[in-house]
Every structure is written in C-alpha cells, then in structure tokens.
Amino acid sequence: MTTRGKIVIGLLLVIGLYFGINKVVSSGAVFKKADTQSVLLNSIELPTTASNGNRANIAVPLADLPGTTPAEKGTPITWEVMAWNSQMAGMLANGGPRTTQGSAMAANGVDLQIMRQDDVTKMQADLVKNAADLDANPSTPGLIVSIMGDGLPGFSAVQEQLKKVGTQLQIIPYSVGKSFGEDKLMGPKEWLDNPKLAVGKTIACYLRDGDQNIALKWCADNGLKVNPDETTYDPEAVNFLSASDFLVAAEKYIVGKPEQRTKVVNGKNTGVKIDVVADAVATWTPGDVNIAKQKGGLVSIVSTKDYSNQMPNIMVTTKRWYDAHQKEVAGLMTAFAVAGDQVKSHPEALKRAADISADVYADKDKNGAYWLKYYKGVSEADRTGEVVELGGSKAFNFADNLALFGLEEGGTNIYASVYKTFGDVQSKLYPKELPSYVPLDQMLDLSLLKNMQAQYKGKAVAPADQQKFAADDEIRRNVSKRAWNIEFNTGQSSFTPAAERELSQLFDDLIVAGNLKVAVHGHTDNVGDPQKNQQLSEDRAMAVREWLQQKSTSAFPEGRVQVYAHGATEPVESNATPPAKPRTAG
C-alpha cells in the first residue's frame with residue numbers, strides 16, 4: 001500500500017436537511033430562544049418577569065424605538081457603508097442617517113453620520129485623506145468604513161498609503177452582521193448539476209473583492225481553472241469580466257454588450273480576437289434583483305448561505321484615531337450590540353432599521369419594505385419563470401461577535417480563517433497586485449471586545465445563532481467536491497508530518513463553508529487484502545473527522561461531518577498508470 005491516502009471532501013448542501021431544519025426552527029424546538037432574562041450591555045435592563053405572556057420566549061424585550069430628531073451632540077464620527085443589508089443593526093443603533101435622539105448611539109455619546117459609498121477605491125482614498133486630516137488636526141472627526149470581511153486582504157493594500165501619513169489600518173473588533181445568501185454567483189441553471197459547463201464562460205463581477213471570491217472558491221472547490229487576466233479569453237478556464245461595482249456587474253449581464261478579447265491557450269497569445277459577453281454574474285442585492293426582474297435566466301449557483309462565514313461586515317479605521325478614541329469605539333460597539341438584539345428579536349425594530357436603510361441608501365425606487373424583503377431573503381420567479389433565491393442577511397448581536405472572533409468557550413476565530421483563506425486566494429491569483437497582504441494580527445486587537453466580555457461575565461446575554469446538523473439526514477445535493485492528498489503513515493490511519501499543512505488548509509476552507517455538511521470519503525487502491533483496505537479507508541476518514549472536531553468543537557458540531565468508507569471498491573484514480581498510483585489511497 002502506498003503512504004498517501006486519498007480523502008475526498010464533499011461540501012454538501014443538504015437541501016432536505018435545510019428545509020427540515022427550518023421547519024424545526026420555526027417550531028422553536030432547536031434554536032430555542034433563551035427562557036432566562038437577558039441583560040445586554042448598558043442600555044437595556046430587563047424586567048424580572050415578562051411584561052405579558054406573549055413575550056415570555058423573547059430573549060430581549062422591545063425597547064423604545066429611536067426618534068427622528070437629530071441628537072446633535074456626542075463625538076462626531078463618519079461611517080461609510082455600501083448599500084448592504086448586513087447593516088440593519090447599525091441603522092437602528094443610529095436612528096437615522098445621522099444619530100437621533102433616543103438612539104443607542106446617542107446613549108453612548110456618539111454622533112454618527114452614515115454615508116453611502118459603494119466604491120471600495122474611494123473608501124480607501126477617503127481613509128488616507130482622513131488620516132492626513134487627523135495628522136494636521138486631531139479634532140477631525142474619525143472615519144470608519146464597512147467592507148466585506150473576505151475582501152479585507154485586498155483592501156489592506158491601502159496600508160502603504162496610510163504609512164506615508166504616519167498611521168495604519170485598524171479593525172473595529174465588532175461586526176454588525178453578515179451576508180447570508182445575498183452575495184452570490186448567479187449562472188445558468190445547468191451549472192448546478194455540472195460545474196464544468198462553466199469552463200470557457202465569462203463571469204462579470206467587481207474584481208479582487210468578495211463577490212469574485214465566491215466565484216473563485218466555487219471554481220477551486222470544483223476543480224475549475226481560472227483565467228486571472230480579465231483582458232484575455234481562455235477557452236479552457238473560467239474567465240472574468242471586470243465591473244466597477246456590483247450593480248454594474250449585473251448591468252453587464254442584462255445589457256449583454258460584447259467585449260473583445262485576445263484568445264489564449266495554455267498561457268500563450270494566439271492572436272485570435274473573440275467577443276465575450278457575461279454568461280454569469282457575481283453580485284448582491286439589488287444586483288441580483290435587477291437581473292431577475294430585467295432579464296432573468298440565471299439562478300443562484302452558490303452563495304453566502306453556503307459559504308456562510310465568508311462575509312461578515314468588517315469595519316476598519318485608522319490606528320491613529322482608534323488609539324485616541326477608545327471610549328468612542330467602545331460606545332459604538334455597545335450601541336451596535338444593543339441594536340443587534342433588537343433587530344434580531346423584534347419585527348418592529350427590524351422594520352424601523354429597514355426604513356432607515358432606505359434613507360441612507362437613497363434609491364428612489366427602493367423603500368424600507370424593499371430592503372426588509374431582501375434582508376429576509378426570498379425565492380421568486382424571474383422574468384423567464386425560473387425560481388431564483390434573492391437577498392438574505394443576518395444581524396449580529398454581542399454573542400455572535402464572541403463566536404465570530406473565537407472568544408466563546410471552545411470557540412475558533414472564524415474570521416481569522418476567512419481572512420487567511422481569501423488572502424491566500426487573491427495573492428496567488430494576482431501576485432503582482434497583491435504580492436502579500438497585511439497579517440491580521442497587525443490590524444485586529446480584541447482587547448475592547450474581551451473587556452466587554454469580562455464586564456458581562458456571569459450575566460445572561462442573548463444567545464448567538466448556532467448551526468445544528470442532524471447526523472441521520474441524507475445528503476442530497478453537492479455544492480462542491482474536492483480531493484485532498486492527505487498523507488498517512490504506511491498501512492496506518494495516523495498522519496505524516498506533511499499532512500498538517502493540507503489539513504490546516506482543509507480546516508480553513510470548511511470554516512468558510514460553515515452552513516454545509518461535510519462528507520469525508522475514504523478510498524484505497526486495490527493492492528492488499530480487500531477487508532483490510534476497507535477498514536483502513538474507514539479509519540483514515542474517521543481520523544480526518546476527529547482531527548477537525550478536536551481542532552474546533554464549535555465549528556464541527558456533532559453531525560456536521562459524515563464519514564464514508566469505500567476501501568478498494570471505488571478507486572479515485574486508476575492503478576494501471578504508474579504515475580497515478582501514488583495518488584490513490586493505500
């Protein structure tokens with residue numbers, strides 16, 4: 001037997017399980033809300049008993065909604081945001097585009113101006129300008145910008161510009177929410193069953209950012225080659241078509257205007273010119289809604305509902321301002337936490353947050369009801385009659401943030417895995433533009449979040465969302481399938497030292513895909529005793545599962561990883577060809 005074992009990891013979305021879970025969740029049997037009273041931070045004190053019977057199962061009672069009159073006091077801060085539904089908690093916390101009387105932000109001494117900015121490049125430029133302004137005048141209002149968490153490695157390229165003005169990038173150690181289905185790769189329905197049909201096709205997206213990351217990870221998980229040059233066309237790879245933002249990406253598919261490219265084969269320019277159009281799109285709401293209503297024809301191939309940890313809303317600022325305004329940062333975090341519980345628990349609060357979003361995003365044809373609808377996520381027919389999933393986001397509370405940054409007992413720093421996974425992807429694909437990215441520990445200081453955790457230790461805090469997996473549910477649909485060459489000692493189920501790197505990469509990838517069940521398939525070649533091979537394949541698959549569960553009990557709860565042993569009955573590769581033999585299991 002060879003020393004290298006072949007383990008095939010399937011990231012498997014269990015449709016039946018998903019709907020089953022939703023049904024159970026609706027019943028309140030699984031994700032049961034805390035029946036103890038919760039005390040969250042400094043602005044909500046709960047009654048000792050529920051004020052009336054119909055709120056007995058709600059973790060946090062409904063607080064007074066913020067007013068509409070600007071507070072006009074507190075420390076001025078500007079918050080630049082994209083039009084993104086993950087920010088509902090932030091919207092309610094502020095009460096309006098500018099902090100209002102009675103809001104959580106006003107209660108914490110902050111006067112926040114929320115401004116829409118969909119252009120990441122302009123966000124970077126604004127941060128550099130703000131750093132220079134602060135250097136000249138320390139009383140300048142601070143600037144915070146929100147970006148997709150998986151896009152931060154690319155965004156961190158602004159670090160060199162910030163250093164020139166004497167500061168660096170700093171993360172606010174708190175996330176207001178995440179995309180949960182809203183960001184997606186939309187493509188022809190046939191790609192669902194056969195991802196290889198995407199080869200030779202073109203995907204429109206904003207390059208080097210989160211939406212493209214969804215497409216890139218899906219390509220990687222399905223073994224599809226990617227053409228990193230958006231100016232050429234490779235018929236043997238998935239190609240990309242550059243858009244200036246997520247809405248323009250959708251528009252390029254809707255309009256269908258061709259773009260002339262030079263054809264390349266095996267990296268060589270053939271001199272042949274070819275017209276390409278967008279066959280698919282990586283975008284988010286309202287880009288997905290525009291496609292469904294104006295043209296149709298595309299369905300959700302994979303989204304942040306599958307790669308559920310990929311896109312937390314991450315806020316960044318400059319270290320100069322952050323260090324000088326610890327009290328204000330703590331105030332921001334507190335206000336976001338208070339509002340997060342409200343948005344998660346009360347339809348009234350969520351609706352108000354949606355109305356505020358409409359004011360901030362200022363699209364005339366999109367009112368609060370629009371943003372509320374697509375925050376929840378819907379399935380509806382497009383112009384061609386095809387049913388497509390649109391929208392989907394989640395708001396975070398304090399406990400969600402402890403889980404995100406790995407501060408709960410037995411937890412894992414989920415965001416660290418997300419950052420590394422997509423930093424490595426972007427750096428590998430675009431070595432000239434992103435030869436390296438800023439290490440996360442140079443930008444992330446969890447001290448303030450830990451202080452808040454210590455402050456409320458022993459007190460009931462509204463629970464975080466938790467993913468549950470039923471071990472006995474069948475896996476019915478594959479999102480992706482990928483083979484990992486994990487080395488084992490000869491004839492044993494113990495890992496070689498070389499296996500550690502592969503397992504770590506596997507771990508990070510599966511952290512990103514936190515909503516998916518995982519199937520680990522063990523195979524062997526046909527050398528040796530069949531019964532021993534069968535047992536060995538099972539032992540090795542079990543070893544992978546145990547390694548994952550021991551590394552993180554929270555990310556790999558019971559039932560998430562299923563093990564299948566095939567022995568020599570289903571060799572992944574043929575033994576007949578000598579060069580292939582080391583790649584099959586032993």
> Can you list the residues that meet the side chain to side chain donor-acceptor pair (under 3.5 Å) rule with Ser179, with sequence neighbours excluded?
Replying inline: Asp183, Thr304
>> Checking Glu433 now: which residues fulfil salt bridge (charged side-chain N to carboxylate O under 4.0 Å, His left out) with it, not counting sequence neighbours?
In response: Arg208
> Mind checking what makes side chain to side chain donor-acceptor pair (under 3.5 Å) contact with Tyr374, not counting sequence neighbours?
Replying inline: Glu380
With a 3.5 Å cut-off and sequence neighbours excluded, list the donor-acceptor pairs that the side chains of residues 381-388 form with protein atoms.
residue : atom : partner : partner atom : Å
Asp382  : OD1  : Thr384  : N            : 2.8
Asp382  : OD1  : Thr384  : OG1          : 2.7
Asp382  : OD1  : Gly385  : N            : 3.0
Asp382  : OD1  : Glu386  : N            : 2.9
Asp382  : OD2  : Gly297  : N            : 2.9
Asp382  : OD2  : Thr384  : OG1          : 3.4
Arg383  : NH1  : Gln294  : O            : 3.3
Glu386  : OE2  : Lys189  : NZ           : 3.3

> If we ignore angles and hydrogens, is there a donor and acceptor under 3.5 Å between the side chains of Asp118 and Tyr206?
Replying inline: no
> Thr412: what forms a side chain to side chain donor-acceptor pair (under 3.5 Å) with it, not counting sequence neighbours?
Replying inline: Ser552
> Which pairs count as salt bridge (charged side-chain N to carboxylate O under 4.0 Å, His left out) when at least one residue sits in residues 412-421, sequence neighbours excluded?
Replying inline: Lys420-Asp424
Show the atom names and distances, to 0.1 Å, of all donor-acceptor pairs under 3.5 Å that link a side chain in residues 149-161 to residues at least two apart or in another chain.
residue : atom : partner : partner atom : Å
Asp150  : OD2  : Asn213  : ND2          : 2.8
Asp150  : OD2  : Gln310  : NE2          : 3.0
Ser156  : OG   : Pro153  : O            : 2.6
Ser156  : OG   : Val438  : N            : 3.4
Gln159  : OE1  : Leu169  : N            : 2.7

>> Restricting to salt bridge (charged side-chain N to carboxylate O under 4.0 Å, His left out), what partner residues turn up for Arg352, sequence neighbours left out?
In response: none
> Residues in side chain to side chain contact (heavy atoms under 4.5 Å, CB included) with Pro557, at least two apart?
Replying inline: Phe469, Arg560
With a 3.5 Å cut-off and sequence neighbours excluded, list the donor-acceptor pairs that the side chains of residues 270-277 form with protein atoms.
residue : atom : partner : partner atom : Å
Thr270  : OG1  : Lys263  : O            : 2.7
Thr270  : OG1  : Val272  : N            : 3.2
Lys273  : NZ   : Thr262  : OG1          : 2.9

With a 3.5 Å cut-off and sequence neighbours excluded, list the donor-acceptor pairs that the side chains of residues 83-94 form with protein atoms.
residue : atom : partner : partner atom : Å
Asn85   : ND2  : Trp371  : O            : 3.1
Ser86   : OG   : Asn313  : ND2          : 3.0
Gln87   : OE1  : Asn313  : ND2          : 3.1
Gln87   : NE2  : Met82   : O            : 3.1
Gln87   : NE2  : Trp84   : O            : 2.9
Gln87   : NE2  : Tyr361  : OH           : 2.9
Asn94   : OD1  : Thr99   : OG1          : 2.5
Asn94   : ND2  : Gly96   : O            : 2.9
Asn94   : ND2  : Leu112  : O            : 3.0

>> Test: ring-ring contact (aromatic ring centres under 6.0 Å, His included). Region: residues 233-280. Which pairs qualify, not counting sequence neighbours?
In response: Phe246-Trp284
